[in-house]
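Within every chain, numbering begins at 1; the chains are lettered A, B, ... in the order of the sequence lines, protein sequences first and strands thereafter.
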There are 2 protein chains.
Amino acid sequence: MHGAAAVEDRVFRALADPSRRAIFESLTRGEAAVKDLTARFDISQPAISQHLAALKDAGLVRHRREGRCAFYRVDPRGMKPLIDWIAHYRAFWTKHIGRLERLLEGLDE
Amino acid sequence: MHGAAAVEDRVFRALADPSRRAIFESLTRGEAAVKDLTARFDISQPAISQHLAALKDAGLVRHRREGRCAFYRVDPRGMKPLIDWIAHYRAFWTKHIGRLERLLEGLDE
DNA sequence: CAAACATATAAGCCCTTACTTATTTATCGT
DNA sequence: ACGATAAATAAGTAAGGGCTTATATGTTTG
(Lines give C-alpha, C1' and ligand atoms only; values in the text may rest on other atoms or scores of the structure.)
Protein backbone atom coordinates (compact mmCIF):
# COMPACT_ATOMS: atom_id res chain seq x y z
CA MET A 1 0.00 0.00 0.00
CA HIS A 2 2.94 2.13 0.35
CA GLY A 3 4.51 0.38 -2.59
CA ALA A 4 1.27 0.64 -4.53
CA ALA A 5 1.23 4.37 -4.04
CA ALA A 6 4.77 4.48 -5.37
CA VAL A 7 3.68 2.65 -8.52
CA GLU A 8 0.72 4.98 -8.93
CA ASP A 9 3.13 7.84 -8.62
CA ARG A 10 5.46 6.47 -11.27
CA VAL A 11 2.55 5.86 -13.64
CA PHE A 12 1.22 9.39 -13.31
CA ARG A 13 4.66 10.89 -13.61
CA ALA A 14 5.50 8.74 -16.63
CA LEU A 15 2.33 9.81 -18.43
CA ALA A 16 2.80 13.46 -17.55
CA ASP A 17 5.31 13.96 -20.33
CA PRO A 18 3.87 14.36 -23.84
CA SER A 19 6.88 12.76 -25.52
CA ARG A 20 6.47 9.73 -23.31
CA ARG A 21 2.75 9.52 -24.06
CA ALA A 22 3.58 9.71 -27.78
CA ILE A 23 6.10 6.90 -27.46
CA PHE A 24 3.60 4.85 -25.50
CA GLU A 25 0.96 5.45 -28.15
CA SER A 26 3.43 4.44 -30.84
CA LEU A 27 4.05 1.18 -29.00
CA THR A 28 0.36 0.35 -28.87
CA ARG A 29 0.53 0.01 -32.65
CA GLY A 30 3.01 -2.78 -32.15
CA GLU A 31 6.28 -3.81 -30.63
CA ALA A 32 9.16 -1.65 -31.72
CA ALA A 33 12.92 -1.50 -31.36
CA VAL A 34 14.65 1.56 -29.97
CA LYS A 35 16.05 2.37 -33.40
CA ASP A 36 12.52 2.41 -34.86
CA LEU A 37 11.35 4.86 -32.23
CA THR A 38 14.47 6.94 -32.75
CA ALA A 39 13.57 7.13 -36.44
CA ARG A 40 9.97 8.10 -35.68
CA PHE A 41 10.66 10.89 -33.25
CA ASP A 42 12.74 13.97 -33.42
CA ILE A 43 14.76 13.38 -30.30
CA SER A 44 18.05 11.60 -29.80
CA GLN A 45 18.42 7.88 -29.14
CA PRO A 46 19.50 8.39 -25.51
CA ALA A 47 16.38 10.48 -24.93
CA ILE A 48 14.26 7.63 -26.29
CA SER A 49 16.05 5.13 -24.07
CA GLN A 50 15.52 7.35 -21.04
CA HIS A 51 11.83 7.70 -21.77
CA LEU A 52 11.52 3.95 -22.23
CA ALA A 53 13.27 3.41 -18.91
CA ALA A 54 10.71 5.68 -17.21
CA LEU A 55 7.81 3.83 -18.85
CA LYS A 56 9.35 0.50 -17.89
CA ASP A 57 9.89 1.66 -14.31
CA ALA A 58 6.21 2.57 -14.17
CA GLY A 59 5.28 -0.90 -15.41
CA LEU A 60 3.68 0.48 -18.56
CA VAL A 61 6.15 -1.20 -20.87
CA ARG A 62 8.23 -4.36 -21.08
CA HIS A 63 11.30 -5.04 -23.10
CA ARG A 64 12.84 -8.01 -24.79
CA ARG A 65 16.34 -8.31 -26.09
CA GLU A 66 17.10 -9.97 -29.39
CA GLY A 67 20.67 -9.76 -30.51
CA ARG A 68 21.69 -6.14 -30.53
CA CYS A 69 18.12 -4.93 -30.73
CA ALA A 70 15.89 -4.14 -27.76
CA PHE A 71 12.20 -4.46 -28.49
CA TYR A 72 9.68 -2.66 -26.34
CA ARG A 73 5.99 -3.35 -26.07
CA VAL A 74 3.12 -2.03 -23.99
CA ASP A 75 2.19 -3.97 -20.87
CA PRO A 76 -1.56 -3.38 -20.52
CA ARG A 77 -1.47 -4.39 -16.87
CA GLY A 78 0.54 -1.27 -16.24
CA MET A 79 -2.63 0.74 -16.74
CA LYS A 80 -4.28 -0.81 -13.73
CA PRO A 81 -3.09 1.83 -11.23
CA LEU A 82 -4.60 4.48 -13.46
CA ILE A 83 -7.88 2.60 -13.87
CA ASP A 84 -8.01 1.98 -10.14
CA TRP A 85 -7.43 5.61 -9.40
CA ILE A 86 -10.27 6.63 -11.69
CA ALA A 87 -12.58 3.95 -10.30
CA HIS A 88 -11.91 5.31 -6.85
CA TYR A 89 -13.90 8.41 -7.71
CA ARG A 90 -16.80 6.67 -9.39
CA ALA A 91 -19.02 7.06 -6.33
CA PHE A 92 -18.40 10.76 -6.40
CA TRP A 93 -19.14 11.02 -10.10
CA THR A 94 -22.43 9.15 -10.01
CA LYS A 95 -23.55 11.28 -7.12
CA HIS A 96 -22.77 14.49 -8.94
CA ILE A 97 -23.36 14.04 -12.62
CA GLY A 98 -25.38 10.89 -12.70
CA ARG A 99 -24.38 8.58 -15.45
CA LEU A 100 -20.90 9.68 -16.26
CA GLU A 101 -20.61 6.07 -17.26
CA ARG A 102 -21.87 7.20 -20.62
CA LEU A 103 -18.38 8.42 -21.18
CA LEU A 104 -17.14 5.01 -20.20
CA GLU A 105 -19.68 3.24 -22.35
CA GLY A 106 -17.56 4.33 -25.25
CA LEU A 107 -15.28 1.61 -23.98
CA ASP A 108 -17.92 -1.03 -24.68
CA GLU A 109 -19.03 0.02 -28.11
CA MET B 1 -7.57 20.17 -31.77
CA HIS B 2 -4.60 21.99 -30.66
CA GLY B 3 -6.67 23.11 -27.69
CA ALA B 4 -7.80 19.58 -26.88
CA ALA B 5 -4.25 18.33 -26.73
CA ALA B 6 -3.35 21.26 -24.53
CA VAL B 7 -6.14 20.35 -22.12
CA GLU B 8 -5.04 16.72 -22.06
CA ASP B 9 -1.57 17.93 -21.29
CA ARG B 10 -2.73 20.11 -18.43
CA VAL B 11 -4.79 17.27 -16.96
CA PHE B 12 -1.90 14.82 -17.01
CA ARG B 13 0.50 17.38 -15.62
CA ALA B 14 -1.93 18.42 -12.92
CA LEU B 15 -2.40 14.84 -11.76
CA ALA B 16 1.31 14.09 -11.87
CA ASP B 17 1.90 15.75 -8.52
CA PRO B 18 0.92 13.71 -5.45
CA SER B 19 0.03 16.79 -3.40
CA ARG B 20 -2.35 17.86 -6.13
CA ARG B 21 -3.91 14.42 -6.32
CA ALA B 22 -4.37 14.51 -2.55
CA ILE B 23 -6.06 17.90 -2.73
CA PHE B 24 -8.26 16.65 -5.54
CA GLU B 25 -9.19 13.59 -3.52
CA SER B 26 -9.98 15.81 -0.56
CA LEU B 27 -12.31 17.86 -2.72
CA THR B 28 -14.23 14.79 -3.85
CA ARG B 29 -15.39 14.49 -0.24
CA GLY B 30 -17.04 17.85 -0.63
CA GLU B 31 -16.57 21.48 -1.51
CA ALA B 32 -13.93 23.18 0.58
CA ALA B 33 -12.49 26.63 1.13
CA VAL B 34 -8.81 27.31 0.73
CA LYS B 35 -8.43 27.77 4.46
CA ASP B 36 -9.91 24.31 5.07
CA LEU B 37 -7.41 22.74 2.71
CA THR B 38 -4.62 24.76 4.27
CA ALA B 39 -5.62 23.29 7.63
CA ARG B 40 -5.71 19.75 6.26
CA PHE B 41 -2.35 19.73 4.56
CA ASP B 42 1.11 20.50 5.74
CA ILE B 43 1.95 23.05 3.12
CA SER B 44 1.51 26.82 3.10
CA GLN B 45 -1.60 28.61 1.92
CA PRO B 46 0.09 29.97 -1.22
CA ALA B 47 1.14 26.43 -2.14
CA ILE B 48 -2.47 25.32 -1.82
CA SER B 49 -3.66 28.23 -3.97
CA GLN B 50 -1.06 27.39 -6.60
CA HIS B 51 -2.12 23.75 -6.70
CA LEU B 52 -5.74 24.78 -6.97
CA ALA B 53 -4.87 27.11 -9.83
CA ALA B 54 -3.21 24.21 -11.67
CA LEU B 55 -6.22 21.96 -11.09
CA LYS B 56 -8.54 24.73 -12.22
CA ASP B 57 -6.46 25.39 -15.30
CA ALA B 58 -6.76 21.72 -16.16
CA GLY B 59 -10.53 21.90 -15.77
CA LEU B 60 -10.54 19.43 -12.90
CA VAL B 61 -11.84 21.93 -10.39
CA ARG B 62 -14.12 24.94 -10.29
CA HIS B 63 -14.26 27.72 -7.78
CA ARG B 64 -16.90 29.94 -6.34
CA ARG B 65 -16.35 33.06 -4.37
CA GLU B 66 -18.44 33.89 -1.33
CA GLY B 67 -17.34 36.95 0.55
CA ARG B 68 -13.73 36.55 1.47
CA CYS B 69 -13.81 32.79 1.07
CA ALA B 70 -13.11 30.88 -2.13
CA PHE B 71 -14.76 27.49 -2.31
CA TYR B 72 -13.39 24.85 -4.62
CA ARG B 73 -15.14 21.74 -5.85
CA VAL B 74 -14.35 18.97 -8.28
CA ASP B 75 -15.67 19.31 -11.80
CA PRO B 76 -16.23 15.71 -12.92
CA ARG B 77 -16.25 16.75 -16.56
CA GLY B 78 -12.60 17.58 -16.17
CA MET B 79 -11.88 13.86 -16.10
CA LYS B 80 -13.11 13.41 -19.65
CA PRO B 81 -9.71 13.96 -21.30
CA LEU B 82 -8.29 11.25 -19.07
CA ILE B 83 -11.16 8.85 -19.80
CA ASP B 84 -10.87 9.58 -23.49
CA TRP B 85 -7.18 8.93 -23.46
CA ILE B 86 -7.70 5.56 -21.78
CA ALA B 87 -10.55 4.67 -24.12
CA HIS B 88 -8.27 5.36 -27.03
CA TYR B 89 -6.27 2.26 -26.13
CA ARG B 90 -9.18 -0.04 -25.49
CA ALA B 91 -8.81 -1.73 -28.87
CA PHE B 92 -5.25 -2.53 -28.02
CA TRP B 93 -6.14 -3.88 -24.60
CA THR B 94 -8.87 -6.22 -25.77
CA LYS B 95 -6.53 -7.58 -28.38
CA HIS B 96 -3.81 -8.27 -25.87
CA ILE B 97 -5.32 -9.18 -22.55
CA GLY B 98 -8.85 -9.97 -23.58
CA ARG B 99 -11.42 -8.59 -21.24
CA LEU B 100 -9.61 -5.88 -19.41
CA GLU B 101 -13.08 -4.40 -19.29
CA ARG B 102 -13.48 -6.41 -16.13
CA LEU B 103 -11.41 -3.78 -14.50
CA LEU B 104 -13.69 -1.16 -15.92
CA GLU B 105 -16.78 -3.08 -14.98
CA GLY B 106 -15.93 -2.20 -11.42
CA LEU B 107 -17.18 1.19 -12.49
CA ASP B 108 -20.66 -0.22 -13.08
CA GLU B 109 -21.06 -2.26 -9.94
C1' DC C 1 -11.74 53.77 9.89
C1' DA C 2 -8.82 50.30 11.55
C1' DA C 3 -7.61 45.69 12.44
C1' DA C 4 -8.18 40.96 11.39
C1' DC C 5 -9.08 37.57 8.03
C1' DA C 6 -9.11 34.91 3.37
C1' DT C 7 -7.00 34.54 -0.82
C1' DA C 8 -4.12 35.62 -4.71
C1' DT C 9 0.13 37.14 -6.67
C1' DA C 10 5.26 38.14 -6.70
C1' DA C 11 9.93 36.92 -6.18
C1' DG C 12 13.34 33.82 -5.20
C1' DC C 13 15.39 29.17 -4.17
C1' DC C 14 16.37 24.53 -4.80
C1' DC C 15 15.50 20.28 -6.80
C1' DT C 16 13.91 17.72 -10.55
C1' DT C 17 13.71 16.70 -15.34
C1' DA C 18 14.21 16.44 -20.25
C1' DC C 19 17.42 17.06 -23.37
C1' DT C 20 22.08 17.07 -25.41
C1' DT C 21 26.94 15.01 -26.66
C1' DA C 22 30.31 11.68 -25.50
C1' DT C 23 31.39 7.21 -24.16
C1' DT C 24 30.79 2.30 -23.06
C1' DT C 25 29.07 -2.35 -23.88
C1' DA C 26 27.45 -5.73 -26.77
C1' DT C 27 26.40 -7.83 -31.24
C1' DC C 28 26.47 -8.44 -36.07
C1' DG C 29 28.55 -8.76 -40.84
C1' DT C 30 32.62 -9.10 -43.75
C1' DA D 1 39.70 -9.41 -35.90
C1' DC D 2 37.73 -5.12 -37.47
C1' DG D 3 34.42 -1.83 -38.43
C1' DA D 4 29.66 -0.82 -38.14
C1' DT D 5 25.39 -0.94 -35.75
C1' DA D 6 22.18 -0.92 -31.45
C1' DA D 7 21.35 0.39 -27.04
C1' DA D 8 22.49 1.95 -22.38
C1' DT D 9 24.91 4.88 -19.37
C1' DA D 10 27.53 9.19 -17.95
C1' DA D 11 27.95 13.90 -17.53
C1' DG D 12 26.54 18.39 -18.18
C1' DT D 13 23.08 22.03 -19.17
C1' DA D 14 18.97 24.69 -19.43
C1' DA D 15 14.24 24.99 -18.26
C1' DG D 16 10.41 23.96 -15.31
C1' DG D 17 8.15 22.91 -11.01
C1' DG D 18 7.00 23.14 -6.15
C1' DC D 19 7.93 25.28 -2.20
C1' DT D 20 8.83 29.24 0.71
C1' DT D 21 8.35 34.24 2.56
C1' DA D 22 6.67 38.69 1.59
C1' DT D 23 3.27 41.56 -0.25
C1' DA D 24 -1.06 43.01 -2.46
C1' DT D 25 -6.19 42.80 -2.91
C1' DG D 26 -10.48 42.40 -1.21
C1' DT D 27 -13.88 41.52 2.75
C1' DT D 28 -15.79 41.28 7.18
C1' DT D 29 -15.96 42.94 12.01
C1' DG D 30 -15.53 46.01 15.91
Take Leu37(A) and Leu52(A), measure what side chain to side chain contact (heavy atoms under 4.5 Å, CB included) needs, and give me the verdict at the end.
CA-CA 10 Å; Leu37(A) 297 169; Leu52(A) 288 169; 4.0 Å; yes

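- The side-chain contact (heavy atoms from CB on, under 4.5 Å) test applied to Ala47(A) returns Ile43(A), Ser44(A), not counting sequence neighbours.
- In this structure a side-chain-to-backbone donor-acceptor pair under 3.5 Å is missing from Arg13(B) to Ala54(B).
- Near DNA chain D, meaning a heavy atom under 4.0 Å from it, residues 11-20 of chain B has Arg13(B), Asp17(B), Ser19(B), Arg20(B) in order of number.
- Under the rule for a side-chain contact (heavy atoms from CB on, under 4.5 Å), the partners of Arg62(B) that lie at least two apart in sequence or sit in another chain are Arg73(B), Asp75(B), Arg77(B).
- Counting only residues at least two apart or in different chains, ring-ring contact (aromatic ring centres under 6.0 Å, His included) contacts with residues 44-75 of chain B comprise His63(B)-Tyr72(B).
- Considering only residues two or more places apart in sequence or on other chains, Gln50(B) meets the side chain to side chain donor-acceptor pair (under 3.5 Å) condition with none of them.
- If you check every strand for non-hydrogen atoms under 4.0 Å, Phe71(A) touches nothing.
- When all heavy atoms of Val34(B) and Ser49(B) are compared, the closest pair comes out as CG1-OG, 4.0 Å.
- Listed by chain and residue number, Arg40(A) satisfy the side chain to side chain donor-acceptor pair (under 3.5 Å) test with Ser26(A) (two or more places apart in sequence, or in another chain).
- Comparing Ile43(A) and Ala70(B) by the nucleotide of DNA chain C that holds the closest heavy atom to each, the one mapping nearer the 5' end is Ala70(B).
- Within residues 44-60 of chain B, the residues having any heavy atom under 4.0 Å from DNA chain C are, by residue number, Gln45(B), Pro46(B), Ser49(B), Gln50(B).
- Computed from C1' positions of five pairs at each end, the angle between the two local axes of the helix from dC1(C)-dG30(D) to dT30(C)-dA1(D) equals 20°, rounded to 10 degrees.
- Listed here is the closest heavy atom pair of Ala14(A) and Leu55(A): CB-CD2, 4.3 Å.
- By the side chain to side chain donor-acceptor pair (under 3.5 Å) test, Glu31(A) pairs with Arg64(A), sequence neighbours left out.
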Please determine whether side chain to side chain contact (heavy atoms under 4.5 Å, CB included) holds for the pair Asp9(A) and Arg21(B), giving the CA-CA distance in whole Å, both sets of side-chain angles, and the decisive distance to 0.1 Å.
CA-CA 10 Å; Asp9(A) 226 75; Arg21(B) 285 201 305 278; 2.8 Å; yes

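- A nucleotide of DNA chain C counts as in contact with chain B when one of its atoms lies under 4.0 Å from a heavy atom; the first and last such, 5' to 3', are dA4(C) to dA10(C).
- Along DNA chain D, the stretch of nucleotides lying under 4.0 Å from any heavy atom of chain B spans, 5' to 3', dG17(D) to dT28(D).
- Two residues are said to be in side-chain contact when any heavy atoms from C-beta on lie closer than 4.5 Å; Phe12(A) and Leu82(A) meet this criterion.
- Side-chain N or O atoms of Arg20(A) include none that pairs as donor or acceptor with a backbone N or O of Leu15(A) at under 3.5 Å.
- A search for side chain to side chain donor-acceptor pair (under 3.5 Å) contacts involving Asp57(A) returns nothing, not counting sequence neighbours.
- Here the NZ-CG distance, from Lys80(A) to Asp84(A), works out to 3.5 Å after rounding to the nearest 0.5 Å.
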